Amino acid sequence: LDVRVFLRVPDFGAVLRWRSQQEADTARTAGLGATALMTPAELVRFIAHYERLTRHALRVMPELADAMLTLDPQHDVQALHWR
């Protein structure tokens with residue numbers, strides 16, 4: 001890798017909120033009904049598979065990344081840090 005870029009989320013809860021939003025946006029743009037969406041329980045289970053890795057990355061990647069973009073709850077970049 002030439003450059004390690006880390007997108008730092010506000011907190012792990014944002015991952016679930018953003019994934020829920022993605023589900024709804026995908027269903028709407030594809031013209032799918034609500035039955036095509038994952039249920040809240042299915043989303044929680046899906047996100048749980050990534051929780052340990054995400055929490056670990058939030059701890060260690062700020063020191064390892066060559067570039068870190070800190071995102072706010074609306075997905076906007078609040079800060080850019082270069083090493």
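The shown structure was predicted, so the numbers you read here are calculated from the model rather than taken from an experiment.
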query: Taking only residues two or more places apart in sequence, or in another chain, which ones meet Arg19 in a salt bridge (charged side-chain N to carboxylate O under 4.0 Å, His left out)?
result: Glu23

Could you list the donor-acceptor pairs under 3.5 angstrom formed between side-chain atoms of residues 73-80 and any protein atom two or more places apart in sequence or on another chain?
residue : atom : partner : partner atom : Å
His75   : NE2  : Trp18   : NE1          : 3.1
Gln78   : NE2  : Asp72   : OD2          : 2.8

Exercise: identify the closest heavy-atom pair between Arg83 and Leu64: NH2-O, 3.8 Å

Pairwise side chain to side chain donor-acceptor pair (under 3.5 Å) hits with a residue in residues 38-47, at least two apart: Thr39-Glu42

- line: Taken in chain and number order and not counting sequence neighbours, the residues that satisfy side chain to side chain contact (heavy atoms under 4.5 Å, CB included) with Val15 are Val9, Phe12, Ile47, Thr54

- prompt: Do other residues, nucleotides or ligands put more than 12 heavy atoms under 6.0 Å from His56 NE2?
  reply: no

message: Hydrophobic clusters here meaning ILVMFWY residues chained together by side-chain heavy-atom distances under 4.5 Å, can you tell me if Leu7 and Val3 are in one?
response: yes

Pairs meeting criterion salt bridge (charged side-chain N to carboxylate O under 4.0 Å, His left out) with involvement of residues 57-71, two or more places apart: Arg4-Asp66

- line: Those residues at least two apart in sequence (or on a different chain) that pass side chain to side chain donor-acceptor pair (under 3.5 Å) with Arg55 are Glu51

- prompt: Which pairs pass salt bridge (charged side-chain N to carboxylate O under 4.0 Å, His left out) with one or both residues in residues 5-18, sequence neighbours excluded?
  reply: Asp11-Arg17

field: By ring pair (Phe, Tyr, Trp, His ring centres under 6.0 Å) - contacts of Tyr50 (at least two apart)
entry: Phe46

message: Could you tell me if the side chain of Phe6 sits less than 4.5 Å from the side chain of Thr70, heavy atoms only?
response: no

message: Same cluster or not: Leu53 versus Leu58, using hydrophobic residues (I, L, V, M, F, W, Y) connected whenever any side-chain heavy atoms lie under 4.5 Å apart?
response: no

- prompt: Mind checking what makes salt bridge (charged side-chain N to carboxylate O under 4.0 Å, His left out) contact with Arg28, not counting sequence neighbours?
  reply: Asp25

